[in-house]
Amino acid sequence: MRWGVIVFPGSCDDQDVFDSLARDMEQEVDFLWHKDDIKGGYDCLVLPGGFSYGDYLRCGAMARFSPVMGGVIDFARRGGLVLGICNGFQILCESGLLPGALVRNAGLKFVCRQVSLRVEETDTPFTREIKKGQLLKIPVKHGEGCYYADAVTLEQLRNNRQILLRYADAKGKPAPAANPNGSLDNIAGICNEARNVFGLMPHPEDACNKILGSDDGLKIFSSIAAACARGEARHG
Amino acid sequence: MRVKIFVSLKQGVLDPQGKAIERSLHALGYSEVHDVRMGKYLEFGVEAASRSAAEARVREMCDKLLANPVIEDYRFEIEE
Amino acid sequence: MRVKIFVSLKQGVLDPQGKAIERSLHALGYSEVHDVRMGKYLEFGVEAASRSAAEARVREMCDKLLANPVIEDYRFEIEE
Amino acid sequence: MGEERENPRAEPAVTAELVAAHGLTPDEYAKIVKLLGRAPNYTELGVFSVMWSEHCSYKSSRHYLKRLPTEGPQVLQGPGENAGVVDIGDGLAVAFKMESHNHPSFIEPYQGAATGVGGILRDIFTMGARPIASLNSLRFGAIDHPRTGYLLSGVVAGIGGYGNCVGVPTVGGECYFDECYNANILVNAFTLGITTHKRIFTGIAKGIGNPVMYVGSKTGRDGIHGATMASESFSEEKERRRPTVQVGDPFTEKLLLEACLELMEKDYIVGIQDMGAAGLTSSSSEMAGRGGVGIELDLSRVPLRETAMTPYEILLSESQERMLLVARKGTEEEIRRIFDKWDLDAVVVGHVTDDRLFRALFGGTEVARIPVAALTKDAPVYQRPAASPASQDQLQHLDLAAIPEPKDLGVTLKRLLASPNIASKEWIFRQYDHYVRSNTVVAPGADAAVIRIKGTKKGLALTVDGNSRYCYLDPYVGGAIAVAEAARNLACVGARPIGLTDCLNFGSPENPVVMWQFADVIHGMRDACVALNVPVVSGNVSFYNETDGTPIYPTPTVGMVGVLDKLECAMTPWFKSAGDLIVLLGRTREELGGSEYLKLVHGLTRGTPPWIDLKMERAVQGCCREAIEQGLLRSAHDISDGGLGVALAECSIIGPEKPLGLRIENHEMIRGDALLFSESQSRIVVSLAEKNLGELEEIAARYNVPLQVIGSVGGSRFTIQPLLGLPVEELRAAWAGGLTDRVK
Ligand SMILES: Nc1ncnc2c1ncn2[C@@H]1O[C@H](COP(=O)(O)OP(=O)(O)O)[C@@H](O)[C@H]1O
Ligand SMILES: [Mg+2]
């Protein structure tokens, strides 16, 4: 399969995503510059973490208008798989591909640490290889990762089972103490209704090798690879 | 013309910054302060044929970029 | 009384946010915009015997906590 | 083509007052007149004042810095450039340096610290290296001083805010609190970058006629030399001209970083240097100085952010996120195209000349004409008077017999663990992205950080250390220990030191006591560098750090880098499994002088610091490193602040998993507080499976290192027979909350 990693001027984790896909998973990966349109066929587009445009004003607010986003939105509308990590998640919310918004951490400070994530749904291309309720050890590092949505939206997310990851404690309970940023309902990652767009605050690319303390991030990437192997058509 | 835009968090969206400021103000002895809300303040110059023309443009800018309707409200003033 | 405080960067102090916002407004076709400055906007309620009493207190709060005199200016409005 | 600009303001006459206001002595002014063969104009005076400032000229320190060893087969670039460069094999090299940003951080903690990080990042990518890891060394006043919380919060947020946004992980550092920093905090920022041997750039101007290009942010009146304030009187629009605190723009820095690294893939660049202190002036004259050429600048072409800026202001502005480069003639267009891709200015502002003059034009008229040598190699050098204070002997006198032993040593241990100098620094490093670039193998919380080098089997270890209390009591010993402790921290993760950088933070060089401290610290550092075979490849001196009129403790901070040939061997300090033996390498003596214990429990900063035998230090480190490489150990932790008691507690509690207790039954027979809290040097506590003990003993014997099995790991209690015993959970709680609970 073929992955495209979008590069905004202030992307920081683009190389990390590239390396974990290319080195740890031996996948075919291209960088896609934010000023270009998307050419050629891709199975999955990744919006990496970082500070796309300095994250001035609001995280992801300006990235949403960069030329490449038109292509990303079409790609998603055609059913292509889109993964937004951290700043990528923020951009997906800002551009309306995902509901809700990510606001300042409740603690007001940037938080960088390992968290454990409970996998809530597995009938998606992003979590299909993972067992329901399984715990993943993956780091978060963000200043504005507190997920917010109004009551109605939140209800829809629950009803459509769009909440894919929750911050949980060692026992797997989504307890307040396990919530690093005050996210509603301990939400760490959600998908859209069509289940082909996934945004999460934690960084799987920083957990793709045992030497880094965890390789649970691979489980998300290999779920995507498996889904594509199952012949979901290219969307290019 | 000069434009002044005030972006504030919607009621119901929690505002940890405002809360933190309120706490520090109380700690400093300003106990008379309550309901602190923190927002953004933008100022810029703009050329436009008329005030109403400017208003229309500024409203567009806010809806498109400067405020996020999911979490924020905005209002603005225009001075000749 | 309601207090509204506007904190903005001093003249001449680099305002990266304002700069970036101006750039994207231009990119979006709003080329009529210039000199964008970004600041903080605070709103809160306060009890005070008189308007002037409130003013004195609020000025104190700004000098002590709400604005950093090294890089920021502030002004405020008080509504009964 | 820049439009012709008029100097917007008539320049003031150069008077004795104005000279003094520019921090130049009458003698220095006389020297300027002699070098020029005439009196300088106002703009030239400003140029001299910054180039001859302590910060740029190193006029008080140069004489002593020469004593530091800077050579080694691995050294590709020693001191004198923007950063040192060291070979790490596989055709790869690392560039690293540490910089201080003390005074700006005290005035505006967030921006001061942020721009400090920005500056050191530029020093690294200027060399052609991509920054991959940062450290920071911080000193604040007493934790309960009214300003400390505000300064700490601002500085940490600033370091994180800038480093996180640029995408460089902050993988470690250190942070201490002492009254001597109440009114003069220290913020020292370290960054390391990686490159190849083929891709090393330097700050040199060569090739007559080559264009000089300005890239990056526009120029404003940021941080213009304080002298302008002193000479405000003649100014009309005073308010607008007041020098302003520099505000950092990490996003622009990120663009500048990527644009420069992309440009460096091509061979368009002759030389490149960032515009740091004294901005355009120092970068251009220093590059010309290194190349033995002249430079002509047309200031009317410099991209400006503010209106009505004078030549003086343009030359002295310290606006951030700017670089100056000398390009090969004819490549200007290509260069502009690359910077355009990243939405940055790239403007030709001058060219290299053969007259060895620093010349600045403004709208056609010449506003400065100075021999480059006068600004660089002919700048004053002083050998200032140095004398140890009469009180030093008094200070070093400590009568242990007069120091009562605490009744409950368990309580005392908890107090030490809760001391902000020893307690967990998690509150700090949680605010730093230490994962980005996905290389971090040992994150903050260990003796040294370890990062992998993708595409190799190697790892890099980084640490920063310095104990100013030791330096205050005995500058020589303190200087030696700063180097030794850094190297020991590297040995504890299994790394071999390859080079160091330093920040030398001292009081006023015009104070003979300070110069004595400076000379002795350097002497001690030199001896340790030689003994441990670690060259100094870069560094930075910060004088005039005074708090309430008295100098801070002499505070050298040492940033050291090491290589692990087998990354998978990287060691961590915490216990791994119950039943393991606990072994002490090195010997504990009754050395409580200058210890954290003496200060915290008895309120004393006196005595002589622990002695250091550099031969023994080298042996202990070698022994530990070899044991790690042989895979014999499960943990290794250096014994520093707080002594054996604190080090053992840390082994029990600082790990990511739940705490592991221990039982110590065998140890030296000295007074209990000395056994637990003496900070004797050259000691490392390790744990290992019993079956490996024989091999470890064999290695220790070969290195002539004293080895003692002192106990074993296990259980939920922390017991040191017969002195103390308590639940390990209590120790963890004290350590975890010591700093965190006090900054809330
Ligand atoms: N300012 C800081 N920034 C980042 N990490 C820090 C800072 N201060 C301390 N740390 C981390 O906390 C741990 C303990 O620091 P320290 O007590 O200085 O260790 P040591 O005494 O072994 O040098 C180290 O891993 C260090 O990297
Ligand atoms: Mg230390």
Side-chain angles (χ1 to χ4, degrees), chain A residues 7-24 33-36 48-57 59 62 66 86-87 105 107-114 137-143 170 180 202-215 217, chain D residues 130 132 153 156-157 159-171 249-259 340-344 426-445 450-452 454-455 457 459 567-568 570 572 656-658 743-744:
Chain A
V7 180
F8 297 100
S11 295
C12 296
D13 304 275
D14 47 344
Q15 188 68 49
D16 302 10
V17 172
F18 186 99
D19 289 345
S20 45
L21 291 173
R23 291 170 186 271
D24 299 310
W33 180 239
H34 69 109
K35 287 182 184 174
D36 304 338
F51 293 72
S52 44
Y53 282 78
D55 280 0
Y56 295 132
L57 189 61
C59 301
M62 300 177 184
S66 65
C86 195
N87 192 229
N105 293 351
L108 291 176
K109 291 191 178 53
F110 188 97
V111 53
C112 175
R113 66 166 161 109
Q114 289 283 356
K137 186 179 162 207
I138 295 179
V140 292
K141 44 194 188 85
H142 58 249
H203 288 259
E205 75 277 13
D206 287 326
C208 281
N209 191 316
K210 281 253 183 290
I211 193 91
L212 302 181
S214 167
D215 60 0
Chain D
R130 172 176 285 278
I132 56 169
S153 306
V156 170
I159 291 170
Y162 204 102
N164 297 347
C165 182
V166 177
V168 178
T170 301
V171 297
D249 178 356
F251 176 55
T252 300
E253 178 99 340
K254 166 77 168 162
L255 301 180
L256 190 59
L257 161 72
E258 298 298 343
D340 198 52
K341 168 184 170 187
W342 294 96
D343 302 313
L344 292 170
E426 183 167 332
W427 183 89
I428 295 173
F429 60 73
R430 277 284 163 266
Q431 300 183 52
Y432 302 150
D433 181 344
H434 43 261
Y435 292 110
V436 63
R437 305 210 66 76
S438 58
N439 292 328
T440 309
V441 172
V442 178
V450 177
I451 58 173
R452 67 175 172 179
K454 285 175 187 163
K457 305 212 166 325
L567 178 61
E568 69 275 13
T572 49
E657 312 303 324
K658 63 191 278 297
V743 285
K744 281 209 198 101

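What's counted below: heavy atoms across the whole structure, side chains too, no hydrogens, waters or symmetry copies. Within every chain, numbering begins at 1; the chains are lettered A, B, ... in the order of the sequence lines, protein sequences first and strands thereafter.
Ring-plane geometry between D/His434 and D/Phe429 is classed as perpendicular, the angle between the planes exceeding 60 degrees on a 0 to 90 degree scale with a lower cut at 30. Taking the six-membered ring where the residue is Trp, D/Phe251 and A/Tyr53 present tilted rings, their angle falling between 30° and 60°.
Comparing D/Glu426, D/Glu568, D/Arg452 by heavy-atom pairs within less than 4.5 Å of chain A, the highest count is held by D/Arg452. Among A/His142, A/His203, A/Arg23, A/Glu205, the residue with the largest count of heavy-atom pairs under 4.5 Å with chain D is A/Arg23. The residue among D/Asn439, D/Val441, D/Val436 with the most heavy atom pairs within less than 4.5 Å of chain A is D/Val436. Ranked by heavy-atom pairs under 4.5 Å with chain A, the list D/Asp343, D/Val166, D/Thr252, D/Leu257 is led by D/Asp343. Your options are A/Gln114, A/Lys141, A/Gln15, and the one with the most heavy-atom pairs under 4.5 Å with chain D is A/Lys141. When each of D/Cys165, D/Gly167, D/Gly455, D/Pro250 is scored by its heavy-atom pairs under 4.5 Å with chain A, the top score falls to D/Cys165.
Shown here is D/Lys658, whose NZ atom has no more than 12 heavy atoms of other residues, nucleotides or ligands within 6.0 Å.
Closest approach of A/Lys35 and D/Asp340 over heavy atoms only: NZ-O, 3.8 Å.
Remark: D/Glu258 engages D/Arg130 in a salt bridge, criterion side-chain N to carboxylate O under 4.0 Å.
At least one donor-acceptor pair closer than 3.5 Å links the side chain of A/Asn209 to the backbone N or O of A/Ile211.
D/Ser153 has its side chain out of reach of D/Val743: every pair of non-hydrogen atoms, C-beta onward, lies at least 4.5 Å apart.
Residue A/Asp55: no heavy atom, backbone or side chain, is found under 4.5 Å from chain D. The contact between A/Asp19 and chain D is made entirely by side chain atoms (from C-beta outward), counting heavy-atom distances below 4.5 Å. Proximity to chain D is limited to the backbone of A/Ser11, based on heavy atoms less than 4.5 angstrom apart.
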